[in-house]
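Below is one structure, written out as structure tokens; the observations come after it.
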Number of protein chains: 2
Amino acid sequence: MEKLIAKYKGKGLRLTPQRLAILKFLEGNTRHPTAEDIFKEVKREYPTISFATVYNTLQTLKENGGVLEITIDPARKHYDPTTNPHHHIVCTGCNEIRDVFVNYSGILRLPSQILKEFQILGNHVDFYGLCKDCRKGQKGGGN
Amino acid sequence: MEKLIAKYKGKGLRLTPQRLAILKFLEGNTRHPTAEDIFKEVKREYPTISFATVYNTLQTLKENGGVLEITIDPARKHYDPTTNPHHHIVCTGCNEIRDVFVNYSGILRLPSQILKEFQILGNHVDFYGLCKDCRKGQKGGGN
DNA sequence: TTGGCTGCAAAATATTTGCAGAACA
DNA sequence: TGTTCTGCAAATATTTTGCAGCCAA
């Protein structure tokens, strides 16, 4: 996150307390929070913070490579401060999103027709599954 | 689509003219339309159709395996009547979405830690690239 | 005939924007 | 001191819902 702070300063961006609080919450966070998650958490320290500030900051972070926008959940966007290439697995039971650190770029062959028409820039794999807790609930009948 | 119509009837669902028009528009459509695209198109034939009907029908189709919801575009959902497993490539220039018919399930190995915790149900690969037209615009300076 | 469907409108949700005052650099 | 940022409110966009009347089966 230090790097990001340096990047912020280098671009004439300001490190306000609110922004720092958002950065601190995101740093090392692997829970893939939504804008609302971030808002609620930062609100505890800065009760007057507004949604607009959260969205503005996320926008700025996106533009500076500080967070990735995750679209695996059709209901809302999630944000991921882990910006080196990786993938995700989502539990279809509880919607928990977990990181998958594997590089599939070398093995994801594409049809020649596609390769003829597209210059490939990247890939992202979403896995769907049932986590341990949700399998438990399913079989044992526990709530 | 015949199969789908049979499925509709088998579940006590009704084939209204509006639904048939939506089904007809979707059948064989590989453009990955949004709800609005569908609404606009069907409106030409049924000027009184409402957005609610489009969303209701899409909801029913989703529940019956008639369409897949595509979340590759953070701005809005797209719908895909091709329901056998496949993947997508999106042009980062014009946002066109194309189908990729390759089965990667056999090669997408997951870390043992993930396999320990999740029962894997499926996967979906998104590719990002630049289509021919968008590369042209980029280099040649044409429009 | 009748229960599911349509269309309208309003509501719910998520995200963006305009702007006056505040505050970081 | 000047420019960017904040917070509020309103606007926008997408999707969902309530309901009276309609109509496919």
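Here is the naming used below: chain letters follow the sequence lines, and residue numbers restart at 1 for every chain.
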Which of the following nucleotides, D/dT14, D/dC5, D/dG7, is nearest to the side chain of A/Thr48?
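The nucleotide sitting nearest to the side chain is D/dG7.
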Candidate nucleotides D/dG7, D/dT6, C/dT6, ranked by approach to the side chain of B/Thr53 - the nearest
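My answer, after comparing the listed nucleotides, is C/dT6.
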[X] has an atom [atom1]; how far is it from atom [atom2] of [N], in whole Å?
| X | N | atom1 | atom2 | answer |
| --- | --- | --- | --- | --- |
| B/Ile5 | D/dA24 | CD1 | C1' | 14 Å |
| B/Leu13 | C/dT2 | CG | P | 20 Å |
| B/Asn56 | D/dC19 | CG | P | 15 Å |
| B/Leu20 | D/dA24 | CG | P | 10 Å |
| A/Gln59 | D/dT4 | CD | C1' | 16 Å |
| A/Ile38 | C/dT15 | CD1 | P | 11 Å |
| B/Glu63 | C/dG4 | CD | P | 14 Å |
| A/Arg76 | D/dT16 | CZ | P | 12 Å |

Nearest heavy atom decides the nucleotide; on that basis, is B/Leu15 or B/Ala35 closer to the 5' end of DNA chain D?
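Between the two, 5'-proximity favours B/Ala35.
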Here's a test of your reading of the structure: between A/Arg19 and B/Glu69, which maps to the more 5' nucleotide of DNA chain D?
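So the residue in question is A/Arg19.
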Regarding [X], tell me which of base, sugar-phosphate or nothing describes its non-hydrogen contacts under 4.0 Å with the strands shown.
| X | value |
| --- | --- |
| A/Lys77 | sugar-phosphate |
| A/Pro17 | sugar-phosphate |
| A/Gln18 | sugar-phosphate |

Quick test of your reading: applying ring pair (Phe, Tyr, Trp, His ring centres under 6.0 Å), list the pairs with at least one residue in residues 37-57 of chain B, sequence neighbours left out, ordered by first then second residue.
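Qualifying pairs: B/Phe39-B/Phe51, B/Phe51-B/Tyr55.
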Select from B/Pro47 and B/Gly12 the residue whose nearest nucleotide in DNA chain C is closer to the 5' end of that strand.
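Nearest nucleotide further toward 5': that of B/Gly12.
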Along DNA chain C (nearest heavy atom to each residue), the more 5'-positioned of A/Thr34 and B/Tyr46:
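Final value for this comparison: B/Tyr46.
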Could you go through B/His86 and B/Asn84, starting from their C-alpha distance and side-chain angles, then the distance that decides it, and tell me whether this counts as side-chain hydrogen bond (donor to acceptor under 3.5 Å, both in side chains)?
CA-CA 6 Å; B/His86 66 286; B/Asn84 53 332; 4.5 Å; no
Set of residues satisfying side-chain hydrogen bond (donor to acceptor under 3.5 Å, both in side chains) with respect to B/Thr48, sequence neighbours excluded:
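None.
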Looking at A/Lys7 and A/Asn64, what are the two nearest heavy atoms and their distance?
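That would be NZ-O, 2.9 Å.
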Which heavy-atom pair separates B/Ile89 from B/Gly129 by the least distance, and what is that distance?
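Shortest heavy-atom separation between B/Ile89 and B/Gly129 comes out as CG1-N, 4.5 Å.
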Ignoring backbone atoms, test whether B/Tyr55 places a side-chain nitrogen or oxygen under 4.0 Å from the OP1 or OP2 oxygen of D/dT16.
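Answer is no, no contact under 4.0 Å.
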Would you please confirm or rule out a distance under 4.0 Å between OP1 or OP2 of C/dA23 and any side-chain N or O of A/Thr16?
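Looking at the OP1 and OP2 atoms of C/dA23, neither is under 4.0 Å from any side-chain N or O of A/Thr16.
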Pick one: which of B/Val100, B/Asp99, B/Asp126 meets side chain to side chain contact (heavy atoms under 4.5 Å, CB included) with B/His87?
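Exactly one pass, corresponding to B/Val100.
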Atom pairs, N/O to N/O, protein against nucleotides 1-3 of chain D, distance under 3.5 Å?
residue: D/dG2; atom: N2; partner: A/Arg14; partner atom: NH2; Å: 2.9
residue: D/dT3; atom: O2; partner: A/Arg14; partner atom: NH1; Å: 2.9
residue: D/dT3; atom: O2; partner: A/Arg14; partner atom: NH2; Å: 2.2

Under the criterion side chain to side chain donor-acceptor pair (under 3.5 Å), which of A/Arg98, A/Glu96, A/His88 is the partner of A/His32?
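Of A/Arg98, A/Glu96, A/His88, side chain to side chain donor-acceptor pair (under 3.5 Å) with A/His32 is met by A/His88 alone.
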Checking B/Thr71 side chain against A/Pro74 main chain: does a donor-acceptor pair fall under 3.5 Å?
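Not at all, since once roles are kept as given, no pair shorter than 3.5 Å links the two residues.
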